[in-house]
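Each remark here refers to the structure printed beneath this line.
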Amino acid sequence: MSVNRSEQELVRINALEQLRAMGIEPFPAAEFKASHKAEELLEDFKEGKEVVLAGRLMSVRVMGKASFAELLDSTGRVQIYVNRDELCPGEDKEAYNTVFKKLLDFGDFIGVEGTTFTTQTGEPSILVKKLTVLGKSIRPLPVVKTDDQGNVHDKFSDPELRYRMRYVDLIVNENVKSTFIARSKVMQSMRNFFNERDYLEVETPILQPIPGGASARPFITHHNALDVPLYLRIANELYLKRLIVGGFEGVYEFAKDFRNEGMDRTHNPEFTVMEIYVAYKDYNWMMDFTEEMIERVCLELHGKTSITVGKNEINFQRPFKRVSMIDSIKEFTGHDISGMNEDELREVCKDLKIDIDPSMGKGKLIDEIFGEKCEGNYIQPTFITDYPIEMSPLCKKHRENPELTERFELMVNGKEIANAYSELNDPIDQRARFEEQLALNERGDDEAMFIDQDFLRALEYGMPPCSGMGIGIDRLVMLLTNNESIQEVLFFPQMRPEKFGEKKIELNESEKAIVDLLKAKMSMPLDELKLAANLSNKQWDKGIKALGKLGLTKVEKTDSALLVHYTGE
RNA sequence: GAUCCUGUAGCUCAGCUGGUAGAGCAUAUCACUUUUAAUGAUAGGGUCCUGGGUUCGAGCCCCAGCGGGAUCACCA
């Protein structure tokens with residue numbers, strides 16, 4: 001496959017070939033043993049130390065017989081000082097003059113051996129005695145520069161390019177890496193928190209015959225050997241509960257779920273949730289557990305419980321506020337919806353000017369009111385409790401009010417972060433709830449749930465009382481790293497696939513017309529050809545230019561006129 | 001799905017009322033042995049997203065399409 005190379009790429013490929021010609025392999029196989037990482041070297045910087053480092057060559061500043069550059073490794077940047085006579089003590093100055101100055105480029109991987117020292121301007125640096133080529137880069141990176149005031153120039157900021165080429169984003173935009181390190185730390189803190197309590201990390205199927213545990217449109221696929229449809233999971237809840245049935249008393253999973261729905265700054269088709277189920281507990285216990293966990297995650301990440309998110313200062317110090325959904329609606333709308341039927345709720349929605357449609361049941365209506373009028377008000381961490389039963393088909397009925405369930409969601413910065421239940425373990429009730437969902441489905445709510453008969457069978461064998469909680473990891477990380485877009489916390493957010501189409505050699509109509517005329521005579525005067533082609537000026541112009549580029553025609557200038565030659569087959 | 005914004009050199013971006021396609025960085029050549037957005041000189045580099053249209057003439061105006069972003073809608 002031929003690739004159109006830019007001038008700079010050709011220069012780099014040429015340099016690569018020259019290195020080989022000199023007996024220097026630009027992509028060596030051998031291990032390169034470094035003694036330090038950039039960060040540890042700078043942390044405990046002493047002059048006169050012999051060090052070996054490996055990394056990417058950045059910001060090369062050649063000044064005749066001496067040069068400065070930066071070496072970027074996974075931990076940061078160190079300045080290197082490459083001096084001709086230090087690098088080449090003998091007569092042969094090629095390693096400096098040719099290899100370093102001409103054949104190495106910004107972005108190449110090199111290893112350096114040398115001595116630490118401090119420059120006149122006070123910059124800790126490495127005086128390079130030996131330089132090893134570790135990997136050539138034939139495509140130039142975007143050049144991002146930061147001045148001494150910390151202003152970034154020519155920032156690589158186009159979101160499309162950043163997300164499509166995250167590898168480039170990670171190299172040139174330093175803060176991007178820290179977001180993903182934070183993401184890993186958040187998950188690590190949570191794991192530690194669970195493992196200390198002897199809960200078991202498990203894995204459950206991603207390919208499911210019935211996409212249960214939530215209401216969402218699934219991705220569908222097909223298993224050839226079994227000749228059955230399979231779905232990418234929209235949730236893992238029903239499988240984790242099966243494990244509680246099986247006798248585990250605490251299980252958790254960091255799970256990728258998949259939902260075939262719209263994408264925006266808080267939704268990606270695949271996303272990560274952490275779900276945990278603990279036997280013999282209820283949702284009150286789970287609230288304590290959740291706030292303890294979140295407080296700790298924040299402390300371990302930031303060293304404090306208070307963080308800035310956008311314009312808001314959010315404090316994760318325990319305990320979090322707890323408000324029932326009905327009280328919340330009363331507080332923000334003045335309507336007491338307790339005990340209302342569907343028609344009364346519709347009246348309330350009308351009064352509050354909330355858009356509704358006939359497919360919505362009681363639960364959905366209440367959800368709309370809460371989502372419209374209440375949710376956004378909860379900036380500080382707040383547990384909203386006791387959701388209406390219609391919205392929560394997997395959740396146990398409230399011990400005091402059969403219209404409600406023992407459910408809570410944790411709201412932070414106006415958005416839902418976690419969702420938890422006292423899990424429904426009554427198999428008869430569970431079956432009835434699924435059937436109600438099915439009825440809703442028939443009303444047109446295309447997200448109501450499928451019935452998973454095997455899950456019901458498991459419940460019939462008996463599940464201990466338990467409480468389960470799920471946290472959207474992407475959204476939690478967004479919150480904790482002060483990012484407002486989910487794409488900033490996913491390495492590779494979903495994008496429309498890029499077209500790497502090779503340039504079509506197919507000619508369009510006007511190009512064909514010109515070629516046909518020209519082929520007959522193999523060469524003719526340009527004026528005559530233009531006249532004969534009978535094309536508009538624009539079409540002629542585009543057509544003849546394109547043919548020239550494709551190498552099918554060549555224009556020759558003679559004394560009398562311009563001659564067009566056909567050079568194709 | 002709707003609306004608005006956007007697509008120009010390797011990168012970041014200018015481009016006036018429609019009149020020869022520009023800058024900085026990067027690249028190449030030269031100079032320069034402690035610089036750090038290194039500096040100075042010279043040079044090369046373009047499918048102005050794609051396809052139509054209007055026009056003597058389109059990067060610019062019109063139509064259609066494609067990519068991306070934002071705001072909605074949708075979304076426990």
Side-chain angles (χ1 to χ4, degrees), chain A residues 4-12 14-15 58-70 77 79-86 96 102 105-107 117-123 125 127 139-164 168 172 213-217 234-235 259-267 269 355 363-364 367 370-371 375 384 387 391-395 407 409 416 418-419 421 446-447 470 472 484-485 487 495-499 501 503-504 508-510 536-539 541-542 545-546 549-550:
Chain A
N4 287 328
R5 295 287 184 190
S6 72
E7 181 198 5
Q8 291 188 46
E9 288 167 354
L10 294 172
V11 167
R12 284 167 176 244
N14 186 261
M58 308 288 277
S59 177
V60 186
R61 301 180 291 277
V62 177
M63 296 157 43
K65 297 178 185 65
S67 304
F68 289 91
E70 279 170 7
R77 293 173 180 233
Q79 178 167 277
I80 60 172
Y81 174 60
V82 188
N83 180 302
R84 188 191 66 180
D85 298 328
E86 295 283 347
Y96 182 77
K102 307 253 186 205
D105 293 291
F106 168 58
F117 76 109
T118 308
T119 63
Q120 286 177 1
T121 50
E123 181 81 22
S125 307
L127 173 61
R139 203 181 266 266
L141 287 165
V143 183
V144 179
K145 296 192 173 184
T146 310
D147 65 21
D148 49 11
Q149 263 109 59
N151 299 314
V152 178
H153 300 266
D154 300 334
K155 194 165 189 195
F156 180 63
S157 57
D158 182 329
E160 174 174 6
L161 296 177
R162 286 186 50 230
Y163 301 151
R164 284 198 195 279
V168 174
V172 303
S215 46
R217 226 172 323 161
I234 56 174
R259 296 186 185 178
N260 202 345
E261 284 164 2
M263 294 159 57
D264 59 29
R265 94 185 174 285
T266 54
H267 296 83
D355 278 341
K364 191 91 180 165
D367 188 36
F370 180 79
E375 194 174 74
I384 303 299
Y387 284 59
M391 295 169 62
S392 319
L394 298 164
C395 185
R407 170 179 181 180
E409 287 193 356
E416 175 211 335
N419 180 25
Y421 307 149
D446 60 358
E447 275 155 16
E484 54 186 24
S485 164
Q487 293 166 308
M495 303 281 274
R496 189 176 291 277
E498 201 174 348
K499 286 193 191 107
K503 293 283 167 328
K504 293 168 278 181
N508 65 28
E509 291 298 314
S510 39
S536 74
N537 279 334
K538 189 173 199 168
Q539 284 173 325
D541 191 53
K542 285 217 169 191
K545 274 184 189 165
K549 285 227 160 155
L550 289 169

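A, B, ... follow the sequence lines: proteins, then strands. Residue 1 opens every chain.
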Between A38(B) and A31(B), how far apart are the C1' atoms? Round to whole Å, please. 14 Å
Enumerate the protein-to-nucleotides 27-30 of chain B contacts in which both atoms are nitrogen or oxygen and the separation is below 3.5 Å.
| residue | atom | partner | partner atom | Å |
| --- | --- | --- | --- | --- |
| C30(B) | OP2 | K102(A) | NZ | 2.9 |

Which nucleotide sits closest to the side chain of K364(A): A76(B), A26(B), G68(B)? A76(B)
E409(A) meets the side-chain contact (heavy atoms from CB on, under 4.5 Å) criterion, sequence neighbours left out, with Y387(A), R407(A), M411(A), E416(A), N419(A)
With a centroid cutoff of 5.5 Å and a plane-angle limit of 30°, would you call H153(A) stacked on A37(B)? yes
Run the side-chain contact (heavy atoms from CB on, under 4.5 Å) test against E160(A) and tell me which residues pass, sequence neighbours left out. D158(A), R164(A), M495(A)
Please list, chain by chain and in numerical order, all residues satisfying salt bridge (Lys or Arg N to Asp or Glu O under 4.0 Å) with E70(A), sequence neighbours excluded. R77(A)
Across all chains, not counting sequence neighbours, the salt bridge (Lys or Arg N to Asp or Glu O under 4.0 Å) partners of D85(A) are K93(A)
Starting from the 5' end of RNA chain B, give me the residue, T146(A) or F156(A), whose nearest nucleotide shows up first. F156(A)
Pairing partner of U39(B) (Watson-Crick or G-U wobble, both distances under 3.5 Å): A31(B)
Could you work out, with salt bridge (Lys or Arg N to Asp or Glu O under 4.0 Å) as the rule, every residue matching D154(A), not counting sequence neighbours? none
For A43(B) and G51(B), measure between their C1' atoms and round to the nearest Å. 36 Å
Between R84(A) and U33(B), is there a contact of a side-chain N or O with OP1 or OP2 at under 4.0 Å? no
Straight-line distance of K155(A) NZ to T146(A) OG1, nearest 0.5 Å: 9.0 Å
Which pairs, protein N/O on one side and nucleotides 70-72 of chain B N/O on the other, fall under 3.5 Å?
| residue | atom | partner | partner atom | Å |
| --- | --- | --- | --- | --- |
| U71(B) | OP2 | R265(A) | NH1 | 3.2 |

Nucleotide nearest Q79(A) (side chain, heavy atoms from C-beta), chosen from A26(B), C32(B), U36(B): U36(B)
With a 4.0 Å cut-off on heavy atoms, is K65(A) in touch with a base, just the backbone sugar-phosphate, or nothing at all? base
Consider the side chain of D154(A), meaning its heavy atoms from C-beta on, and name the nucleotide among A76(B), G24(B), A26(B) that approaches it most closely. G24(B)
Taking the C1' atom in each of C60(B) and U17(B), what is the distance between them to the nearest angstrom? 10 Å
Is a donor-acceptor contact shorter than 3.5 angstrom present between the side chain of T121(A) and the base of U36(B)? yes
Taking atom P in both C49(B) and A14(B), compute the distance separating them and give it to the nearest angstrom. 13 Å
Inter-nucleotide C1' distance (G19(B), C66(B)), Å rounded: 30 Å
Just checking D85(A): base, sugar-phosphate only, or nothing, at a heavy-atom cut-off of under 4.0 Å? base
Between G24(B) and U39(B), how far apart are the P atoms? Round to whole Å, please. 12 Å
Sorted by chain and residue number, the side-chain contact (heavy atoms from CB on, under 4.5 Å) partners of P159(A) (sequence neighbours excluded) come out as Y163(A)
Which of U33(B), G68(B), C25(B) is nearest the side chain of Y81(A)? It is U33(B)
Is there a donor on the side chain of T119(A) or the base of U35(B) sitting less than 3.5 Å from an acceptor on the other? yes
When you check the phosphate oxygens OP1 and OP2 of U12(B), does a side-chain N or O of K145(A) lie under 4.0 Å from one of them? no
Ignoring hydrogens and geometry beyond distance, is the side chain of Q120(A) in donor-acceptor contact with the base of U35(B) at under 3.5 Å? no
Please enumerate all residues that pass side-chain contact (heavy atoms from CB on, under 4.5 Å) together with E86(A), with sequence neighbours excluded. N83(A), L127(A), K129(A)
